[in-house]
Each structure stands twice: as C-alpha cells, then as structure tokens.
Amino acid sequence: MTTIKDKKKKEEIKDGEYLITYTRHLEKRLRNLETEKQLLDAERLRLEQELHSLRNEIDRLREPPLVTATIIDILDEKGRAIVKSSTGPSFVVNTSRNVKNEKISSGMRVALNQRTFAIMEILPTKLDPFVKGMEVIDSIPDISYADVGGLEEQLLEVRETVELPLKKPELFKRIGIDPPKGVLLYGAPGTGKTLLAKAVAHETEATFIRIIGSELVQKFIGEGARLVREIFNLAKQKAPTILFIDELDAIGSQRLKVATSGDREVQRTLMQLLSELDGFEERGDVKIIGATNRVDILDPALMRPGRFDRMIEFPIPNEKAREAIFKIHIRNLRVQEKILIKKLVKLTEGATGADIKAICTEAGMFAIRKDADSITQKDFFEAVDKVLKKTKNQFLNSKLYS
Ligand code: ATP
C-alpha cells in the first residue's frame with residue numbers, strides 16, 4: 001500500500017528529475033546562444049571594419065585631385081618654395097604642416113593642393129616612364145669589335161678613354177691622372193659612332209644607355225632638365241654604365257643671345273647636362289660618350305676639361321675602310337660566287353658604313369625577289385646603283401631645300 005507520503009515523495013523525485021533535465025536543456029540553450037552571440041559579435045566586427053574601410057574609400061574618392069609638380073628652388077626654411085606644376089606654370093607655394101620642411105629639396109616631385117597649391121606630399125622619386133623605357137641594354141651580345149670596320153684609330157682611342165678606366169681604374173690611380181669623363185664622337189651620319197659605342201659597352205660588359213638629344217627637347221618639352229638628371233641617376237644605379245648621348249648638338253648647340261622659350265628650354269637641359277657632367281667622379285664607373293654630326297655648332301662649354309674633353313673624328317671611310325666594312329657585312333650573307341669586293345669598293349667612293357650595310361641588304365633583296373638561293377655579283381652592282389643613287393638624291397634634296 002502506497003501511502004500518500006510515498007506518492008508525494010515519488011512526485012518530488014519526478015519533479016526533481018524534470019528540473020534537472022530542464023536545467024540541462026536551459027544550459028545547453030545558453031551555450032548555444034552564447035556561441036551564436038560570439039558569431040554575431042564577430043560578424044558585427046567584420047561589418048564595422050568593412051564600413052570603416054568603405055567610409056575611408058568614400059573620403060578618399062571625395063578628395064580633390066592633387067597636382068604634381070617639381071620643386072625648382074627652396075626660398076626659406078619655413079617651407080616656401082618655387083615649384084613648376086605639371087600643367088606648365090611655376091608658383092611660389094607654402095608647404096603643408098604634414099610635410100616636414102627640412103625634407104623638401106629642389107628637384108623633388110611633389111603633390112600640390114589644387115586650390116592653395118600648398119605642397120601636400122612628397123612623391124616617391126620614381127624613374128620617369130620615359131627614362132625607364134629608354135634604350136637600356138645590359139649587354140649587347142651581337143656587337144663586338146670585330147663588327148666595326150676600318151675605324152682602328154678611333155677604336156683604340158675609345159678603348160683607352162672608356163674601356164680602360166672602366167676595366168682597370170687602378171692604372172689611372174697609380175699614375176695619378178684622371179681619365180676623361182666623356183668622349184665626343186663626331187662625323188657624318190652612318191659612320192659608325194653608335195656602332196662603336198655599342199661595341200665598347202659590350203666588350204666592357206657595361207650597361208648601355210642610349211638617349212637621343214633631339215627627343216629630350218622635342219618630345220618632352222619642359223622636362224628635358226629633369227630627364228637628364230634622372231638619366232644620370234639611372235646610369236649611376238646601373239653602373240658600370242656607358243651613357244651614349246646621340247645628337248648631342250640638339251641640346252648642346254651654342255647658346256644664342258636671342259632666346260625664344262624653346263631655346264631657353266634647350267639651354268636649361270644643357271645646363272643640367274653640364275652640371276651632371278661636373279658632378280661625378282672621373283674615376284667612377286659611368287662613362288659618357290656623346291655623338292654629333294654638327295661639331296661646329298656645339299657649345300664650347302661642353303668641350304671644357306672634365307666634360308667631353310676628348311674628341312674623336314669619324315671620317316667617311318676610305319678605300320681600305322670600305323673594304324673592311326664590306327667584308328664584315330658580306331661575311332654572314334649567302335653569296336653565289338666569290339664577290340669582287342675590290343670592285344664594289346671602287347664604286348662606292350663617298351659611301352658611309354651605313355650605306356655599305358644598306359647595299360648588302362639591298363643586294364639580298366634583289367636575290368629574294370628573283371627567288372634565288374644566294375646573292376650574285378650583279379645583285380651587288382645593282383644594289384650599289386640603287387643605294388648610292390638614293391643617297392645622292394637625298395643629298396641633292398637637302399642642298400636644295402636647306
Ligand atoms: P648617326 O649619326 O646617324 O647616329 P652613326 O654614325 O651613329 O650615325 P651607326 O648607327 O653607327 O652610325 O651606323 C649605322 C649602321 O651602319 C651600323 O649599325 C652598321 O651596321 C653600319 N656601319 C656604320 N659604320 C660601320 C663600320 N665602320 N663598320 C661596320 N658597319 C658600319
């Protein structure tokens with residue numbers, strides 16, 4: 001007989017069990033909710049971060065664009081400076097508080113506020129894309145001294161003044177003389193100036209940088225001086241370097257008294273070139289080779305000691321030189337019979353190395369047109385006729401229209 005007491009006890013036990021189960025259930029629920037809360041907290045944090053970065057992005061996009069400029073001169077310690085903006089004009093401007101005054105110096109690229117023109121930022125001194133894309137050849141595998149014909153004296157002189165100081169600077173140190181910093185190659189177009197410079201770069205395993213004077217002043221108006229500076233920096237970075245400045249007359253012609261803005265631009269570029277030439281060591285491993293067809297109009301300042309102080313003439317090749325050049329260019333061609341080079345030499349009085357190369361290419365073209373396997377003597381004669389007639393006409397035209 002179960003007493004009422006027992007019944008009550010049983011119920012109490014049941015209730016207790018229920019309570020335990022329920023508590024466990026609640027605990028589990030709580031744990032779940034806590035996990036869920038943690039997940040939601042993490043999600044909130046992520047969204048907050050995203051919001052923050054989107055806000056930043058909006059702020060950044062709303063900022064007015066800055067104007068790039070180059071510092072020309074610093075006027076005082078308070079940060080006043082003359083800048084030349086990329087849009088053209090020059091301004092006297094202040095420097096924003098965010099930029100430390102002592103950090104700015106002339107020649108730096110900076111960003112200006114569009115309204116106040118204050119210097120807001122110093123831009124990284126990246127190389128100009130033009131400078132980067134310039135003809136920089138680390139090694140020139142296919143041009144050696146053997147590819148240069150009939151320029152023995154010139155070769156010797158360039159080797160002494162450019163190759164020797166690069167390869168054996170100690171020789172100059174021992175004797176106590178300073179090798180020339182720059183040599184100037186002058187002579188008619190196509191006489192092998194570039195070819196020789198490339199050959200020296202190859203033989204000395206130097207970086208070869210070629211810049212063309214006329215491009216500096218025509219394509220990059222207002223930028224010539226800056227580019228010259230950057231090119232010299234690049235040359236120093238990549239040393240040993242041979243810096244070849246072709247058409248030097250385009251930047252280095254005599255300074256005239258009547259100066260148009262174009263002349264002034266050329267003069268600024270020249271002044272920069274002169275100061276770069278003066279600014280580095282003779283015994284360093286950057287050598288400058290200048291080339292020009294118009295040595296007569298060059299500014300004498302360029303030829304002062306410590307600048308282009310060695311001048312090497314590249315003459316129109318004589319018979320012996322023409323023979324050597326023909327041999328060089330014919331050596332890789334497929335010719336049918338033994339080509340009478342001496343006859344070609346006789347026919348090409350006054351031709352330059354570039355003409356001779358053109359004759360060989362043209363002879364090859366004649367053979368191709370005939371669908372022949374190799375080039376004949378007749379092809380060469382026809383090519384001489386064609387190339388020299390063409391150059392003669394060019395010469396006549398230039399005389400008529402100059
Ligand atoms: P420019 O004043 O027009 O720059 P350049 O004197 O620098 O002319 P190069 O560019 O060196 O002339 O010559 C053009 C081409 O003519 C050379 O790539 C080469 O193939 C040929 N050439 C000129 N001179 C010689 C030479 N002495 N020996 C062999 N090839 C030559």
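Counting starts at 1 for both ligands and their atoms, following the listed order. Note that these values count all heavy atoms, side chains included, but never hydrogens, waters or copies made by symmetry. Note that the coordinates shown come from a computational prediction; the quantities given were computed from them, not determined experimentally.
- Residue pairs meeting the ring pair (Phe, Tyr, Trp, His ring centres under 6.0 Å) criterion with at least one member in residues 101-120, sequence neighbours excluded: Phe91-Phe117.
- Counting only heavy atoms from C-beta outward, the side chains of Phe172 and Asp178 never approach each other to under 4.5 Å.
- Between Arg334 and Asp373 there is no salt bridge, since no side-chain N of the basic residue sits under 4.0 Å from a carboxylate O of the acidic one.
- A salt bridge links Arg46 and Glu50; the closest N-O separation between the charged side-chain nitrogens and carboxylate oxygens is under 4.0 Å.
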One line per pair, note the atom names and distance for all nitrogen or oxygen contacts under 3.5 Å between ligand 1 and the protein.
from: ligand 1; atom 1: 2 (O); to: Lys193; atom 2: NZ; distance (Å): 3.1
from: ligand 1; atom 1: 2 (O); to: Asn293; atom 2: OD1; distance (Å): 3.0
from: ligand 1; atom 1: 4 (O); to: Asp246; atom 2: OD2; distance (Å): 3.3
from: ligand 1; atom 1: 6 (O); to: Gly190; atom 2: N; distance (Å): 3.4
from: ligand 1; atom 1: 6 (O); to: Thr191; atom 2: N; distance (Å): 3.1
from: ligand 1; atom 1: 6 (O); to: Gly192; atom 2: N; distance (Å): 3.1
from: ligand 1; atom 1: 6 (O); to: Lys193; atom 2: N; distance (Å): 3.0
from: ligand 1; atom 1: 6 (O); to: Lys193; atom 2: NZ; distance (Å): 2.9
from: ligand 1; atom 1: 7 (O); to: Thr194; atom 2: N; distance (Å): 2.9
from: ligand 1; atom 1: 7 (O); to: Thr194; atom 2: OG1; distance (Å): 2.5
from: ligand 1; atom 1: 8 (O); to: Gly190; atom 2: N; distance (Å): 2.8
from: ligand 1; atom 1: 11 (O); to: Lys193; atom 2: N; distance (Å): 3.4
from: ligand 1; atom 1: 11 (O); to: Thr194; atom 2: N; distance (Å): 3.3
from: ligand 1; atom 1: 11 (O); to: Leu195; atom 2: N; distance (Å): 2.9
from: ligand 1; atom 1: 12 (O); to: Gly192; atom 2: N; distance (Å): 3.4
from: ligand 1; atom 1: 16 (O); to: Ala354; atom 2: N; distance (Å): 3.4
from: ligand 1; atom 1: 24 (N); to: Gly192; atom 2: N; distance (Å): 3.4
from: ligand 1; atom 1: 27 (N); to: Gly149; atom 2: O; distance (Å): 2.9
from: ligand 1; atom 1: 28 (N); to: Gly149; atom 2: N; distance (Å): 2.9
from: ligand 1; atom 1: 30 (N); to: His329; atom 2: NE2; distance (Å): 2.9

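- Ionic pairing of Glu382 and Lys378 is present here: one or more N-O contacts between side-chain nitrogen and carboxylate oxygen are shorter than 4.0 angstrom.
- Comment: Arg229 does not engage Glu276 in a salt bridge, judged by the lack of any side-chain N to carboxylate O separation of less than 4.0 angstrom.
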